[in-house]
Amino acid sequence: VKLADLQLSSRDRAVVARVTGEIDLSNAGYLERTLLEATRNDTISLVVDLSELDYLDSAGIQIIYRIRESLRSRGQILALVIPSTSPANAALRLAGVDRHVDTVETIDDALRGSA
Amino acid sequence: VAIGDVVGHGVRAAAFMGQLRTALRAYALEGHGPARTLELVDHYVQTMPDFSMATAAYAVLDPETGALAVASSGHLPAIIVGYGEARLVSFPVEPPLGAVAYASGEDYETRLAIGETLFFYTDGLVERRGVPLTDSIDELLQIVAPAASAEEVCRLAIEQLALEELPDDVAIVALQNCEIPADLHLRMPANPGALASVRRILRRWLRHLGAGDDDTTEITLAVSEACANAVEHAYSPAPAEFEVRASASDGEVTIVVRDTGRWRASRHRDRGRGLKIINAAMDAVEVSSAAAGTEVVMRRGIHR
């Protein structure tokens, strides 16, 4: 059974990627490539929704940084939906990066912020 | 786990069974529950040029919670055995595969407690000339009741019932929700795919100890990070392994992750982040590196 599931949709000029399941060392690299390929050049922002994600490790945090850098070099924005009570947020907090990674509570917040 | 029985014998029945097995596996891997999976297999059967009929039952166990979801397409009731008792799983039985177009049902939800075994069998095990099916199923319940493991359920069922000349072939499947040991000792292959397995086993063990959600989340994260380090630094030429040992006393858990490689904690930034997570999540952490490998000892109190 697959560790994580990815659902892609687009709204206006944003790509919304909802990831459920678990992100760890075994699938983080694949997820990074898939998300970057899904964000085409005419897209303004990539919204990654991790609100229903059950697990995120340091390899997952690493790809968040790398995706953010890649998008920035293409003039695009990364928005992360990570509610404060989610397991993904626990990982950011324990890694001590919760203040360096901008997150929002809901997809609507993310779309409003990037519109 | 799943079981199935095709109407008829011989090469065609065997080929049909092979196709059913593949279809069920494919739909199940898509993440569908038991009832929906059987419904899709039924649709598949209906499209085959000269399909036959088959019965099947499919169950999904969540080992973390013991939640068991079962569905049956015309298959005999399953049995749950444990602690000296055996009972029938009274799931609603839908029509066999290929019998009615667009049959559909719902998952039957029950629980497989720790130590209990779920037992599936085909009618060949209980069908005997002149004996009503309900009587021989009752007999089967009594025979397997004393079993304490999946192996024992199978052994008792076969020894007692296969003595007689059985007219049909027989298939049995047994699945036990294994007891949770006081101390965990895992030996895992050093590849990233092993991390999810470690986390599943550890979460179940922690929950059984009475650890809360926050304790479980944070300890699991720390241990998985330590294991990820072990996986990334497994340099041995032979197929590498790493070990996880976990024990608990006086409301404190101690978890040791040992590998055969050496940590290079500062080379990649994310590795440093992994160690940071371990330190933040646990009360005490000791890392010792020697030629033989690296050992991480982590402790944390759990709030019951």
Other residues, nucleotides and ligands only: do more than 12 of their heavy atoms fall within 6.0 Å of [atom1] on [X]?
{"X": "Asp213(B)", "atom1": "CG", "answer": "no"}
{"X": "Glu106(B)", "atom1": "CD", "answer": "no"}
{"X": "Asp42(A)", "atom1": "CG", "answer": "yes"}
{"X": "Glu109(B)", "atom1": "CD", "answer": "yes"}

*asked:* Is the shortest side-chain heavy-atom distance between Glu22(A) and Leu195(B) below 4.5 Å?
replied: no
Minimum heavy-atom distance [X]-[Y], with the two atoms named:
{"X": "Thr217(B)", "Y": "Ala90(A)", "answer": "CG2-CB, 4.4 Å"}
{"X": "Leu221(B)", "Y": "Ala91(A)", "answer": "CD2-CA, 3.7 Å"}
{"X": "Gly193(B)", "Y": "Ser26(A)", "answer": "N-CB, 4.1 Å"}

Rounded to the nearest 0.5 Å, what's the gap from [atom1] on [X] to [atom2] on [Y]? Could you check?
{"X": "Ile61(A)", "Y": "Arg273(B)", "atom1": "CD1", "atom2": "CZ", "answer": "6.0 Å"}
{"X": "Asp24(A)", "Y": "Glu225(B)", "atom1": "CG", "atom2": "CD", "answer": "9.0 Å"}
{"X": "Asp5(A)", "Y": "Glu30(B)", "atom1": "CG", "atom2": "CD", "answer": "8.5 Å"}
{"X": "Asp54(A)", "Y": "Arg199(B)", "atom1": "CG", "atom2": "CZ", "answer": "10.0 Å"}
{"X": "Leu94(A)", "Y": "Asn279(B)", "atom1": "CG", "atom2": "CG", "answer": "11.0 Å"}
{"X": "Asp57(A)", "Y": "Cys227(B)", "atom1": "CG", "atom2": "SG", "answer": "11.0 Å"}

_Salt bridge present between Arg93(A) and Glu218(B) (N-O < 4.0 angstrom)_ = yes
*Is there any salt bridge (charged side-chain N to carboxylate O under 4.0 Å, His left out) pair reaching into residues 59-82 of chain A, and which pairs are they, with sequence neighbours excluded?*
Glu32(A)-Arg66(A), Glu69(A)-Arg72(A)
*Checking heavy atoms, do the side chain of Arg203(B), its backbone, both or neither come under 4.5 Å from chain A?*
side chain
*asked:* For a quick check under 3.5 Å, do Thr220(B) and Tyr55(A) share a side-chain donor-acceptor pair by atom type?
replied: no
